[in-house]
Chemist: 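This is the structure I want to talk about, given as structure tokens.
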2 protein chains.
Amino acid sequence: MGAKRCAVTLEDVARQAGVSLATASRAINGSARTVRPEIRERVERAARALNYAANAQAQAVARGRTNLVGLVVQDIEDPYFSSIAAGAMRAAEANGLMVSIAGTGRRPDKEVEYAAALRGLRAAAIVIAGSRTDDRDALDRLGAELDAFERSGGRVALIGQRRLPVDTVVVANRAGARDLGTRLVGLGYRSFGVLAGPRGLLTAADRLTGFAEGLAASDVVVPHEAIMYGEFDRDGGHDAMLELLARRGEVECVFAVNDVMAVGALAALRSRGLERTVAVAGFDDITTLRDVTPALTTVRLPLVEIGEAALEMVLREPADTPRRRLVRGEVVLRESTPGVRRG
Amino acid sequence: MGAKRCAVTLEDVARQAGVSLATASRAINGSARTVRPEIRERVERAARALNYAANAQAQAVARGRTNLVGLVVQDIEDPYFSSIAAGAMRAAEANGLMVSIAGTGRRPDKEVEYAAALRGLRAAAIVIAGSRTDDRDALDRLGAELDAFERSGGRVALIGQRRLPVDTVVVANRAGARDLGTRLVGLGYRSFGVLAGPRGLLTAADRLTGFAEGLAASDVVVPHEAIMYGEFDRDGGHDAMLELLARRGEVECVFAVNDVMAVGALAALRSRGLERTVAVAGFDDITTLRDVTPALTTVRLPLVEIGEAALEMVLREPADTPRRRLVRGEVVLRESTPGVRRG
DNA sequence: TTGAAAGCGCTAACAA
DNA sequence: TTGTTAGCGCTTTCAA
């Protein structure tokens with residue numbers, strides 16, 4: 001067993017200050033200014049002398065609420081999520097909240113598990129940022145758990161797509177990809193491939209759909225065989241690119257459904273000496289990836305703001321009907337898609 | 001005020017199962033198998049039916065300990081820290097712990113503040129990953145706070161350099177940079193510049209010192225005017241590189257004290273058409289940066305393992321004398337330092 | 001304005 | 001094996 005905890009308690013402070021427990025509580029952690037200044041001063045001095053730190057757990061039990069908010073992401077190492085986390089943490093700090101972060105490793109069931117844990121912690125709120133799959137079952141379980149969480153007085157916000165009747169920061173993946181497709185056609189590309197990420201991953205699917213729509217507006221289609229599924233990460237993009245080359249030869253332009261994959265694709269092209277021959281576009285505009293060469297055409301998502309927005313949403317009183325906040329991406333054309341001159 | 005929390009309590013479960021509170025507690029959250037199977041089954045069924053989630057705060061108060069560990073980093077968006085966080089979170093999950101993450105934004109006082117908050121939360125442990133400054137005062141305050149935390153029964157580990165008498169995962173910045181310097185001299189470089197990061201940032205200073213030592217072994221020195229101080233991030237590297245070019249012209253090889261800065265430096269060189277003329281080396285081997293071109297020579301640090309190691313350290317019983325776990329970096333030569341042929 | 005005391009939900013002696 | 005009960009540290013009525 002670990003050493004027994006023997007921290008300074010409020011009772012110690014009260015005794016040292018020569019006041020009652022209640023008064024000490026009011027002086028230090030209470031709200032109403034119902035304590036005489038000189039007494040308050042005395043209590044505060046005692047607390048400082050004893051280096052008192054209020055037991056947040058005990059306060060939580062007594063008050064029935066905490067200042068903890070849980071953030072559930074897929075993988076904190078992924079810059080997409082770490083930017084969102086940074087935004088959420090910044091907003092949390094501004095509001096005196098602590099953030100507990102959990103990573104699911106892209107297993108939908110982990111989301112449910114953490115939500116339950118956060119309910120146990122009596123977290124004030126849960127924010128879930130996940131490119132959830134279309135696994136209907138997992139979604140139902142998550143919905144049930146979040147429901148229980150809300151009924152027990154907690155607040156919930158999702159980041160991604162609107163799949164559940166809770167406050168959601170909706171990312172316009174489809175519209176962004178559509179815009180991108182339109183712009184690429186405008187640059188003269190006609191022959192496309194898509195590195196589509198995993199089947200069943202909603203974010204990926206939305207981006208693929210939108211992209212196809214953007215092309216379709218100009219009667220361009222992505223042949224079925226030029227859509228390569230694979231992992232949602234760098235290696236997934238790399239491998240899918242190689243396979244696409246093997247299968248289709250040199251398409252003019254490749255859309256990878258996120259930047260990390262796009263970078264993998266670029267690496268694959270480079271290994272074949274094709275990085276200036278085949279155009280590549282990504283999605284997200286990941287900060288740390290802005291210096292790759294050729295600079296990546298992409299759809300910029302304000303990830304930090306998205307994290308902040310989710311946290312702010314969750315801080316507000318619940319509305320009777322779930323709020324949606326739409327965040328659009330903005331196409332950023334760079335040298336990875338220089339355009340083609342058609343004769 | 002927010003809605004009143006009215007979660008299912010253990011008492012509800014006990015009543016529903018027709019047993020006493022104590023029995024219900026033992027059946028669900030207790031350790032010893034001192035409950036008859038059929039009763040346990042009954043209690044568990046009741047809990048499930050009621051969708052009971054134990055109040056972790058109340059458990060914490062009653063037990064006097066929590067399963068929360070606090071992780072304090074500078075900036076979760078920085079891949080250096082997000083990798084460490086990923087490692088710590090992975091190890092935490094494997095041990096049934098929740099992780100609360102706080103970002104200091106590189107303000108040393110925030111470390112103290114969060115440590116105090118975590119003491120209030122009765123966190124089981126605190127892990128601080130910070131390239132702390134040489135600000136003696138801030139360090140003393142942190143030491144005092146961590147001391148109070150430990151005395152109240154918590155465990156502490158640091159990641160970085162050994163500055164305080166607590167368990168530490170020591171990163172061999174100096175030795176790594178020394179090796180790097182040696183290898184670069186071996187490649188034929190003689191004229192160096194260093195993008196040294198902020199003055200007073202220990203990690204940066206250690207890397208600079210080590211690098212200079214590595215060169216000195218071959219009687220190569222970095223001229224004082226070729227050491228450029230600046231921010232520890234991408235823009236810091238970029239700007240410092242431009243300034244170095246302005247001041248010294250084309251040195252043969254530039255050492256940026258971290259990869260992110262090195263990428264900024266590459267961008268600056270590229271803007272001058274010099275990215276294949278001036279060699280660049282970094283430090284860390286950040287995963288998402290492995291595909292920049294030219295591929296970056298660097299010192300690889302096992303960041304995820306470092307995070308795991310810190311968490312494992314903190315899980316063990318405290319030793320009577322602080323533990324140190326040394327992690328060395330490994331030089332990785334890539335095309336950003338092709339070497340020179342001297343005539 | 002202050003103090004006494006009743007909880008908050010749970011655990012862990014101690015009895016039965 | 002089960003139940004009773006006294007805490008855990010704090011907040012918050014309710015009186016004084």
Side-chain angles (χ1 to χ4, degrees), chain A residues 1-43 46-47 50-67 119-123 152-153, chain B residues 1-2 4-43 46-47 50-67 119-124 152-153:
Chain A
M1 298 287 91
K4 187 178 293 165
R5 311 214 65 145
C6 47
V8 178
T9 76
L10 187 56
E11 196 173 349
D12 301 328
V13 175
R15 190 179 318 118
Q16 166 114 358
V19 299
S20 77
L21 230 193
T23 302
S25 169
R26 288 189 277 251
I28 295 187
N29 312 309
S31 46
R33 54 176 64 241
T34 175
V35 171
R36 212 175 350 150
E38 66 186 79
I39 299 244
R40 166 190 300 273
E41 169 60 27
R42 189 139 47 98
V43 173
L50 264 36
N51 196 11
Y52 169 74
N55 184 327
Q57 321 288 335
Q59 291 183 314
V61 173
R63 289 180 181 147
R65 60 196 153 77
T66 66
N67 67 340
R119 179 156 63 97
L121 278 169
R122 298 304 184 264
S152 81
Chain B
M1 297 291 88
K4 186 178 292 164
R5 313 214 62 148
C6 48
V8 178
T9 75
L10 188 57
E11 196 173 349
D12 300 327
V13 175
R15 190 178 320 116
Q16 166 113 357
V19 299
S20 76
L21 231 194
T23 302
S25 170
R26 289 189 278 251
I28 295 187
N29 313 309
S31 47
R33 55 175 66 240
T34 175
V35 170
R36 217 181 341 157
E38 67 186 79
I39 299 244
R40 163 188 304 272
E41 170 59 28
R42 189 137 47 98
V43 173
L50 265 33
N51 198 10
Y52 168 75
N55 183 328
Q57 318 288 338
Q59 291 184 312
V61 173
R63 289 180 180 148
R65 61 197 153 78
T66 66
N67 68 340
R119 179 157 62 97
L121 277 168
R122 298 303 185 266
S152 82

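Proteins come first, then strands; the chains are lettered A, B, ... in the order of their sequence lines, and each starts at number 1.
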Chemist: Could you check which of dC10(D), dG3(D), dG9(C) has an atom nearest any side-chain atom of Val61(A)?
Modeler: dG9(C)

Chemist: Report the distance from atom CD of Gln57(B) to atom P of dT11(C), rounded to the nearest whole Å.
Modeler: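 In whole Å, dT11(C) P and Gln57(B) CD are 13 Å from each other.
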
Chemist: Is a side-chain N or O of Thr66(B) found less than 3.5 angstrom from the main chain of Arg122(B), in a donor-acceptor match?
Modeler: yes

Chemist: Starting from C1' on dT4(D), measure out to CG on Leu21(B) and report it in whole angstrom.
Modeler: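 The distance from CG of Leu21(B) to C1' of dT4(D) comes to 10 Å, rounded to the nearest Å.
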
Chemist: Would one find a side-chain N or O of Ser20(A) under 4.0 angstrom from OP1 or OP2 of dT2(C)?
Modeler: no

Chemist: Can you tell me how far P of dC10(C) sits from CD of Glu11(B), to the nearest Å?
Modeler: 9 Å

Chemist: Round to the nearest Å and state the distance from Ile28(B) atom CD1 to dC10(C) atom P.
Modeler: 9 Å

Chemist: Side-chain contact test, heavy atoms from C-beta onward, threshold under 4.5 Å: evaluate it for Val43(A) versus Val13(A) and give yes or no.
Modeler: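 Touching, per the 4.5 Å side-chain cut-off.
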
Chemist: Quick one: label Ala54(B) by what it contacts on the DNA or RNA (base, sugar-phosphate, nothing), any heavy atom closer than 4.0 Å.
Modeler: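 The answer is sugar-phosphate, as Ala54(B) gets under 4.0 Å only of primed atoms, P, OP1 or OP2.
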
Chemist: Are the side chain of Gln57(A) and the backbone N or O of Leu121(B) linked by a donor-acceptor pair below 3.5 Å?
Modeler: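 Here the side-chain-to-backbone pair exists.
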
Chemist: If you check every side-chain atom of Thr23(A), which of dC10(C), dT2(C), dC8(C) has the closest atom?
Modeler: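 In terms of side-chain proximity for Thr23(A), the closest of dC10(C), dT2(C), dC8(C) is dT2(C).
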
Chemist: Nearest-nucleotide wise, let me know which of Glu38(B) and Ala22(A) is further upstream toward the 5' end of DNA chain D.
Modeler: Glu38(B)

Chemist: Nearest-Å distance, CD1 (Ile39(B)) to P (dG3(D))?
Modeler: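 These atoms are roughly 6 Å apart.
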
Chemist: Round to a whole Å and report the spacing from CD of Gln59(A) to C1' of dG9(C).
Modeler: 16 Å

Chemist: Quick check: do Asn51(B) and Arg119(A) have side-chain heavy atoms less than 4.5 Å from each other?
Modeler: yes

Chemist: Does Arg26(B) make a side-chain donor-acceptor contact with the base of dG3(D), cut-off 3.5 Å?
Modeler: yes

Chemist: For Leu121(A) and dC8(C), give me the distance from atom CG to atom P, rounded to whole Å.
Modeler: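 After rounding, the gap between these two atoms is 21 Å.
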
Chemist: Quick one: is dT2(D) close enough that its OP1 or OP2 comes under 4.0 Å of any side-chain N or O from Arg36(B)?
Modeler: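 Yes, such a contact exists.
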
Chemist: Among dC10(C), dG9(D), dT12(D), find the nucleotide with the atom closest to the side chain of Leu10(B).
Modeler: dC10(C)

Chemist: Nearest 0.5 Å, what's the CZ-CD distance between Arg36(A) and Glu41(A)?
Modeler: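 Going from CZ on Arg36(A) over to CD on Glu41(A), the span is 13.0 Å.
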
Chemist: Taking the side chain of Tyr52(B) as heavy atoms from C-beta outward, which of dC10(C), dG3(D), dT2(D) is closest to it?
Modeler: dC10(C)

Chemist: Just to confirm, is there a sub-4.0 Å distance from OP1 or OP2 of dT11(D) to any side-chain nitrogen or oxygen of Arg63(A)?
Modeler: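 Yes, such a contact exists.
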
Chemist: Go through dT11(D), dC10(C), dG3(C) for me and flag the one nearest to the Asn55(B) side chain.
Modeler: dC10(C)

Chemist: Taking CZ from Arg65(A) and P from dG7(C), how many angstroms apart are they, rounded to a whole number?
Modeler: 20 Å

Chemist: Describe the nucleic acid contact of Thr9(A) in one word from base, sugar-phosphate, nothing, applying a heavy-atom distance below 4.0 Å.
Modeler: sugar-phosphate

